Structures are given as structure tokens and as C-alpha cells.
Amino acid sequence: MAKKLKRDLDLLAAYSYEKTFFEKNRILVLLGGVGAIVVTAALVFFLVIFIQNMGTRGDIKDLENQMLELQTQIAVAETDPNAIAYNQYKNEMAYLDSIGDQVFNEELKRDVLLSIDSVTGNVSIKSIGYTQATATIELAVTASDKNVPPQLITALKNTGKFSSVSYSGWSSGDSSVSVNISLVISQPGGNEDE
């Protein structure tokens with residue numbers, strides 16, 4: 001037979017090569033690629049959330065600043081004479097509204113408030129009562145000066161809306177004077193000569 005040559009041709013040599021790492025571990029490589037995609041997606045997600053959170057924090061800071069400004073305005077309003085007068089006006093209007101619109105109409109409310117505003121000194125209405133049978137309004141007022149109640153009574157008489165204006169229960173304290181004022185509403189077509 002034929003002599004064996006030292007150099008035989010190995011036809012199967014092409015199939016017997018050493019596999020690379022990637023070829024041996026295809027599942028690990030596939031999982032690594034999927035893992036990298038998941039990690040990248042998670043990072044992008046958290047980055048978006050972080051950016052939105054930063055915007056929300058800025059909005060919250062703006063709201064905190066607005067609240068602080070409003071609190072400052074409220075604190076100033078509590079000591080501002082104009083704000084105090086406005087709040088007193090609102091309270092007096094609420095008292096007047098409580099009497100009833102059928103008898104104590106807007107014009108009459110305005111005249112009473114204008115009379116109170118026309119006197120010098122602080123005047124506040126402490127209570128209001130209304131007796132329908134006699135068409136009488138009872139006001140309990142407090143003034144800052146003893147000269148204010150007579151001025152108020154004169155101003156109320158000058159409105160021409162009341163057939164009688166009287167006062168009782170005059171009392172004075174250290175810094176204020178209290179008086180009860182009785183107003184009888186003039187009836188339409190009554191004694192209105194003016």
C-alpha cells in the first residue's frame with residue numbers, strides 16, 4: 001500500500017477549530033445585549049423623571065414664594081388702617097344684610113353706612129336688631145371719641161330716611177364710647193316734606 005506521508009492531508013481539520021468565546025456563550029452574549037438595552041432604558045427613564053422632578057421643584061419653590069408674599073401682605077393688612085377700615089366696612093355690611101332686604105333696602109344701607117363714615121373718629125356697629133311691627137332698627141355702636149355719637153345721630157337724622165332717631169345706654173370706657181341708637185324708618189308717603 002501506499003506509504004504514509006508525514007504530511008497527510010487532514011480533511012476534517014476545517015471542522016475541528018477552537019470556538020471563540022462569543023460562539024461558545026451565545027446565550028450569555030444575548031442576555032448581555034438585552035441587559036444593556038434594559039439598563040439604558042432604565043437610565044433614560046430615570047433621567048426623564050429627574051428632569052421632570054427638577055421642574056416640579058421649581059414650581060413648588062415659586063408657590064412657596066407666592067405664599068410667603070401673601071402671608072406678608074396679610075400681616076401688613078392687619079396693621080394697615082385702610083385694610084382695617086375695609087374689614088370693618090365688610091362686617092358692618094354683613095350686619096346690615098342680616099336685617100333683611102325687604103325692609104332694609106340697598107339705599108337705606110348706603111345711607112346708614114355713609115352717615116357712619118361721615119363722622120370723625122372710628123365707629124363700629126356691634127349689633128343690629130330690627131322690629132318689624134314698629135319698623136325700628138336698633139344699633140349698638142362703639143366710637144373712639146365721646147363727640148362721635150352726637151355727630152352720628154345728627155348725620156342719621158339728616159338722611160331723611162328715619163322719622164325718629166334717638167339714643168340711650170350711653171357708656172364710656174377707657175378708650176371708647178358705646179351707645180344704643182334707635183332708628184324708626186320713615187314710611188313711604190309719610191312725613192317726608194323735603
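Keep in mind the model is a prediction, meaning the values are calculated, not measured. These values consider heavy atoms only, across backbone and side chains, with no hydrogens, waters or symmetry-generated copies.
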Output the rest of the hydrophobic cluster of Leu31: all Ile, Leu, Val, Met, Phe, Trp and Tyr residues reachable through side-chain heavy-atom contacts under 4.5 Å, sorted by chain and number. Ile27
Within this structure, what is the OG-NZ distance for the pair Ser163 and Lys157, rounded to the nearest 0.5 Å? 11.5 Å
Exercise: identify the closest heavy-atom pair between Val184 and Thr134: CG1-O, 3.9 Å
Mind checking whether Met67 and Leu70 have side chains closer than 4.5 Å, heavy atoms only? no
Donor-acceptor list for residues 34-59 side chains, cut-off 3.5 Å, not counting sequence neighbours:
unit_1	atom_1	unit_2	atom_2	d
Thr40	OG1	Ala36	O	2.7
Thr56	OG1	Gln52	O	3.0

Given Leu183, which partner from the list Leu139, Thr136, Ile153 fulfils the side-chain contact (heavy atoms from CB on, under 4.5 Å) test? Leu139
Minimum heavy-atom distance Phe162-Ile185, with the two atoms named: CD2-CA, 4.1 Å
Contact summary for Thr142 and Lys126, nearest pair of heavy atoms: OG1-CG, 3.3 Å
Kindly compute the distance separating CG (Leu156) from CD1 (Ile181), expressed to the nearest 0.5 Å. 6.0 Å
